[in-house]
S.K.: 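This structure is in structure tokens; I'll ask about it shortly.
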Amino acid sequence: CPLLPRTEFADVTAEMYALGTKLYYKCDSGYTRRSGQYEGIQCQSSDQDAYWIYKKFECIDKKILLSTAPTMELDITQTSERKTQTPAPQKRENLSEFDRKNFCGPPKTIPHASLRPTKQYYVGQVLHFKCQSGYDKRPPTSGTRRCQKVNNKINWTPLDMRCTNDS
């Protein structure tokens with residue numbers, strides 16, 4: 001899909017992501033990624049389903065890290081823990097058979113981390129827009145856009161909401 005047009009005062013989320021999508025976790029302010037852990041996840045598929053591949057990822061409090069740093073010992077077993085974790089359960093009720101094979105549901109949440117917004121979206125993907133704190137939706141207010149292919153052109157459906165602060 002083409003680059004997503006900027007929407008003022010709104011945050012974007014998606015309920016499903018196409019095969020091959022890569023997303024990255026980012027630790028919240030005051031936390032840092034545990035050394036040696038990879039923040040990326042990827043949407044892959046089996047014969048029946050699409051699912052996220054996770055590796056061990058943890059955000060730890062910087063204050064705790066700094067206070068324990070001099071006494072920490074290297075744990076050699078950490079390298080053997082890099083196996084793929086079991087995918088988190090994903091909402092699948094409203095997805096068609098086609099969707100379940102070609103799209104992953106929402107990624108699992110990780111304490112003290114958020115997902116960096118993706119810049120790449122695929123045909124069929126629906127994005128949900130939510131006004132940021134302090135801003136209100138103005139009608140019409142469905143707040144979604146879909147990446148679609150019409151007459152061999154790929155484009156976004158129009159967004160039929162706007163976020164305003166009337167004060």
Side-chain angles (χ1 to χ4, degrees), residues 1 3-46 49-95 99-100 102-122 125-137 143-145 147 156 159 161-165 167:
C1 286
L3 283 176
L4 185 66
R6 188 176 182 294
T7 303
E8 276 194 307
F9 315 119
D11 294 320
V12 182
T13 60
E15 290 181 9
M16 56 186 206
Y17 295 86
L19 291 176
T21 298
K22 291 181 182 178
L23 297 175
Y24 298 90
Y25 288 102
K26 178 183 174 202
C27 291
D28 296 336
S29 179
Y31 292 83
T32 188
R33 173 176 55 97
R34 187 175 291 281
S35 179
Q37 294 183 348
Y38 181 63
E39 64 271 12
I41 61 175
Q42 185 170 13
C43 179
Q44 294 187 354
S45 71
S46 65
D49 223 357
Y51 57 91
W52 290 106
I53 296 292
Y54 297 93
K55 299 202 179 188
K56 187 168 177 66
F57 181 77
E58 182 181 12
C59 292
I60 51 178
D61 191 320
K62 287 181 179 178
K63 290 178 270 189
I64 293 172
L65 178 67
L66 293 174
S67 67
T68 60
T71 60
M72 289 177 70
E73 293 180 14
L74 180 61
D75 183 358
I76 297 179
T77 61
Q78 281 183 332
T79 54
S80 65
E81 293 177 5
R82 291 181 180 256
K83 296 175 188 161
T84 301
Q85 292 182 350
T86 305
Q90 299 172 5
K91 290 190 275 182
R92 296 266 181 214
E93 309 87 41
N94 298 330
L95 296 180
D99 289 341
R100 283 196 298 275
N102 294 287
F103 289 92
C104 287
K108 69 179 179 180
T109 57
I110 291 182
H112 314 296
S114 56
L115 283 165
R116 281 189 245 154
T118 186
K119 302 252 187 282
Q120 195 171 23
Y121 297 102
Y122 299 87
Q125 195 156 15
V126 178
L127 301 182
H128 301 269
F129 291 78
K130 180 181 176 193
C131 292
Q132 294 170 348
S133 180
Y135 294 87
D136 298 311
K137 278 186 184 181
T144 61
R145 290 187 104 146
C147 180
W156 290 102
L159 179 64
M161 66 163 255
R162 62 187 183 100
C163 299
T164 64
N165 178 346
S167 60

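Quick caveat: nothing in here was measured; it's all calculated off a predicted structure. Along the sequence shown, the residues carry numbers beginning at 1.
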S.K.: Measure the shortest side-chain to side-chain distance between P107 and L115 over non-hydrogen atoms and say whether it is less than 4.5 angstrom.
M.R.: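 A side-chain contact under 4.5 Å exists here.
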S.K.: List in chain and number order the residues that pass ring pair (Phe, Tyr, Trp, His ring centres under 6.0 Å) with Y31, two or more places apart in sequence or in another chain; answer none if no residue qualifies.
M.R.: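 Partners of Y31 under the ring pair (Phe, Tyr, Trp, His ring centres under 6.0 Å) test: H112.
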S.K.: Mind checking side-chain contact (heavy atoms from CB on, under 4.5 Å) for S114 and listing every partner two or more places apart, or none if nothing turns up?
M.R.: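 For S114 the side-chain contact (heavy atoms from CB on, under 4.5 Å) partners, ignoring immediate neighbours, are D28.
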S.K.: Looking at every non-hydrogen atom in both residues, tell me the closest pair between L19 and S45 and how far apart they are.
M.R.: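 Reported closest heavy-atom pair: CD2-CB, 3.4 Å.
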S.K.: If we ignore hydrogens and angles and just use 3.5 Å, is the side chain of W156 paired with the main-chain N or O of C1 as donor and acceptor?
M.R.: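 The answer is no, because no donor-acceptor pair under 3.5 Å joins these two groups.
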S.K.: Decide side chain to side chain contact (heavy atoms under 4.5 Å, CB included) for C43 and Y51; before the verdict, give the C-alpha distance in whole Å, the side-chain angles of both, and the deciding distance to 0.1 Å.
M.R.: CA-CA 6 Å; C43 179; Y51 57 91; over 6 Å; no
S.K.: Just by distance, do the side chain of Y54 and the backbone of K108 share a donor-acceptor pair under 3.5 Å?
M.R.: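 Confirmed, Y54 side chain pairs with K108 backbone.
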S.K.: Using 0.5 Å steps for rounding, measure from the CD atom of Q125 to the CG atom of N102.
M.R.: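 Spacing of CD (Q125) from CG (N102) equals 12.0 Å.
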S.K.: To the nearest 0.5 Å, how far apart are SG in C104 and OH in Y17?
M.R.: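 Here the interatomic distance stands at 10.5 Å.
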S.K.: Can you find a heavy atom in the side chain of K55 that is under 4.5 Å from one in the side chain of Q37?
M.R.: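 In short, these two side chains do not touch, never coming nearer than 4.5 Å.
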S.K.: List in chain and number order the residues that pass side-chain contact (heavy atoms from CB on, under 4.5 Å) with A18, two or more places apart in sequence or in another chain; answer none if no residue qualifies.
M.R.: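 side-chain contact (heavy atoms from CB on, under 4.5 Å) list for A18, sorted by chain: T21, F103, Y122.
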S.K.: Holding to side chain to side chain donor-acceptor pair (under 3.5 Å), I want the full list of residues that pass it with E58, two or more places apart in sequence or in another chain.
M.R.: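 Only R34 meet the side chain to side chain donor-acceptor pair (under 3.5 Å) criterion with E58.
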S.K.: For E39, check side chain to side chain donor-acceptor pair (under 3.5 Å) against everything at least two apart and list the hits.
M.R.: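 R33.
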S.K.: Can you measure from CZ (R145) to CE (M161) and round to the nearest 0.5 angstrom?
M.R.: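 Output value for this atom pair is 10.5 Å.
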S.K.: Side-chain contact, heavy-atom cut-off 4.5 Å: T32 with I60?
M.R.: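 Yes, side chains in contact.
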S.K.: So, using side-chain contact (heavy atoms from CB on, under 4.5 Å) as the criterion, who are the partners of T109 when residues are at least two apart?
M.R.: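 T109 satisfies side-chain contact (heavy atoms from CB on, under 4.5 Å) with no other residue.
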S.K.: Going by the rule ring pair (Phe, Tyr, Trp, His ring centres under 6.0 Å), which residues pair with Y135 if we only count those two or more places apart in sequence or in a different chain?
M.R.: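 Per chain and number, Y135 pairs via ring pair (Phe, Tyr, Trp, His ring centres under 6.0 Å) with F9.
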S.K.: For K22, check side-chain contact (heavy atoms from CB on, under 4.5 Å) against everything at least two apart and list the hits.
M.R.: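 Residues passing side-chain contact (heavy atoms from CB on, under 4.5 Å) with K22: Y24, Q42.
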S.K.: Working note: L127 + T144, criterion side chain to side chain contact (heavy atoms under 4.5 Å, CB included); need CA distance, chi angles, decisive distance, verdict.
M.R.: CA-CA 6 Å; L127 301 182; T144 61; over 6 Å; no
S.K.: Is there a side-chain contact between F57 and C27, using heavy atoms and a 4.5 Å cut-off?
M.R.: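 Yes; the side chains approach each other to less than 4.5 Å.
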